[in-house]
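Take a look at the structure below.
Worth saying up front: this structure is predicted, and the values here are computed from it rather than measured. Per chain, numbering begins at 1; letters A, B, ... match sequence-line order.
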There are 2 protein chains.
Amino acid sequence: MGDSTRERLLRAAGPIFASKGFRDATVREICDRAEVNLASVNYHFGDKERLYVEVLKYAHSQRMNLAASRSRQPSSSPVEDLRRFVHDFVFRALAMEDDSWESQILLREFLKPSTACRELVQENIRPHFEALMRILSRLLPEDVPPEKRHKIGFSIIGQCVYYRVGHMVVEVLISPEEKATHFSAEQVADHIVQFSLAAIAGAAHVETFESISG
Amino acid sequence: MGDSTRERLLRAAGPIFASKGFRDATVREICDRAEVNLASVNYHFGDKERLYVEVLKYAHSQRMNLAASRSRQPSSSPVEDLRRFVHDFVFRALAMEDDSWESQILLREFLKPSTACRELVQENIRPHFEALMRILSRLLPEDVPPEKRHKIGFSIIGQCVYYRVGHMVVEVLISPEEKATHFSAEQVADHIVQFSLAAIAGAAHVETFESISG
DNA sequence: GATAGTATGAAACGCTTGTTTAAAACAATT
DNA sequence: AATTGTTTTAAACAAGCGTTTCATACTATC
């Protein structure tokens with residue numbers, strides 16, 4: 001990233017949008033930190049909202065690059081693919097340890113989706129969801145209907161996201177020692193894979209659990 | 001709740017704060033919906049923030065009433081308890097149907113807590129989590145270590161929360177027809193129960209999946 | 001070196017926000 | 001009925017916001 005006014009703005013806006021949200025972040029503060037003129041946002045991006053969209057895209061692309069090296073490896077088995085997917089997800093989009101503004105701002109979008117979010121999901125998230133769907137269709141019997149595969153996909157993603165969204169709650173509910181010894185990103189990812197594989201294995205014999213729970 | 005100006009304000013402010021957040025909610029809109037004069041907020045509550053705190057307290061008390069009715073405890077099977085827990089969580093705590101602004105505003109606080117009411121959120125979440133832990137310890141073998149039970153609990157809650165937090169993502173990724181026919185709150189809750197029971201059943205034979213995935 | 005197109009700068013505009021004001025309406029007590 | 005304190009009303013206020021303006025500085029092309 002260079003040093004043009006446009007790039008200075010993108011770099012300055014990220015942390016501010018992340019910590020304060022779209023509404024509470026002011027153009028004046030962004031320009032102040034970027035050390036550019038107040039009118040620059042409107043000149044280079046049109047308005048505040050289009051700057052926000054660009055920042056969002058940049059944040060997401062940064063997150064993707066983090067895991068790019070890992071996910072490009074050739075696929076051996078679907079189980080191994082799922083393992084890689086979950087690990088990438090936990091490390092990339094969630095990155096439990098870090099408080100980087102990239103993950104903050106994406107989290108904010110999930111909680112309170114702006115109109116910009118739709119665009120982001122379409123362009124950036126859908127490919128990863130479809131990759132997960134391809135993994136699942138290899139893991140599941142062929143007669144499992146698509147909506148069932150979708151729900152299973154959301155269940156897997158949901159677990160990953162919660163460890164980020166609710167990490168504050170996790171900290172409150174369990175002891176610090178337990179968190180230190182058993183809740184590293186690696187361990188959490190392993191658990192999610194194991195939990196989901198068990199559930200998927202069970203999905204082949206649905207009637208068993210239907211009879212239990214029904 | 002009566003019909004005084006103060007009470008009209010509390011009733012009107014709840015859903016607005018819940019859907020828009022503190023900053024984006026305007027006192028003009030609140031007074032408009034409450035059909036009271038613009039100056040009423042400052043007269044009866046001092047300022048906008050103290051109105052917000054009162055609304056939060058009200059939401060919390062409402063949720064406590066719900067939790068009280070939930071702890072009508074004993075059930076024959078832990079499976080049935082889990083089913084009830086998930087259904088309650090999806091229907092009331094999360095309220096996919098938008099009838100519960102109380103949960104929305106608390107979820108908002110739980111993700112970005114305002115300094116005033118951090119412990120308010122704590123008190124709200126912990127009883128739910130401990131209730132789930134009691135269910136899980138009946139569902140799982142005794143030798144399953146506590147941190148494993150905790151992770152399984154987070155996995156279940158994570159699925160529930162994701163359908164709330166990531167509902168925008170869900171809407172974009174699947175077709176409207178599929179959402180209408182297969183993603184009602186009832187169907188989602190059923191799926192989560194089934195998925196989690198299958199995973200729990202598998203947790204008794206962990207080594208199987210360890211050997212598959214490792 | 002003149003010129004056209006682009007980028008920056010300082011100031012102001014128009015609008016919305018939460019809040020305040022002061023008068024009017026109401027309620028209750030004497 | 002007069003007086004007191006409380007509540008409601010309409011209007012205005014001051015501050016902050018995103019955005020626009022227009023003059024100026026830069027940069028590349030001829």
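- Protein atom CZ of Arg50(B) is 16 Å distant from nucleotide atom P of dG18(C), rounded to whole Å.
- Each of Arg8(B), Arg6(B), Glu7(B) was compared with Ser4(B) under the side chain to side chain donor-acceptor pair (under 3.5 Å) criterion, and only Glu7(B) meets it.
- Rounded to whole Å, the distance from CD1 on Ile30(B) to P on dT19(C) is 11 Å.
- Looking at which nucleotide of DNA chain D each of Leu38(B) and Glu35(B) is closest to, the 5′-most match is held by Glu35(B).
- Using a 4.0 Å heavy-atom criterion, one finds that Ser40(A) contacts no nucleic acid atom at all.
- Remark: P of dT16(C) and CD of Glu29(B) are 14 Å apart, rounded to the nearest angstrom.
- When rounded to the nearest whole Å, the span between OH of Tyr43(A) and P of dA7(C) equals 4 Å.
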- request: Test Leu9(A) against Cys31(A) for side chain to side chain contact (heavy atoms under 4.5 Å, CB included), laying out the working first.
  value: CA-CA 7 Å; Leu9(A) 277 172; Cys31(A) 292; 4.2 Å; yes

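- Set against dT19(C), dA12(C), dT8(C), the side chain of Arg28(B) has dT19(C) as its closest nucleotide.
- Heavy atoms only, all atoms of each residue included: Leu82(B) and Val193(B) are closest at O-CG2, 4.4 Å.
- Put simply, chain B comes within 4.0 Å of DNA chain D, heavy atom to any atom, from dT6(D) to dA12(D), going 5' to 3'.
- No side-chain donor-acceptor contact under 3.5 Å links His182(B) and Lys148(A).
- Residues Pro78(B) and Arg138(B) share a closest heavy-atom pair of CB-CB, 3.8 Å.
- Between His44(A) and dT8(C) there is a side-chain N or O to OP1 or OP2 distance below 4.0 Å.
- Following rounding to the nearest Å, Lys48(B) (NZ) and dT16(C) (C1') show an atom-to-atom distance of 12 Å.
- Rounding to whole angstrom units, CG of residue Asn37(B) and P of dA22(C) are separated by 16 Å.
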message: Does Lys151(A) form a salt bridge (Lys or Arg N to Asp or Glu O under 4.0 Å) with Glu147(A)? I'd like the steps, not just the answer.
response: CA-CA 6 Å; Lys151(A) 281 176 190 160; Glu147(A) 72 268 10; over 6 Å; no

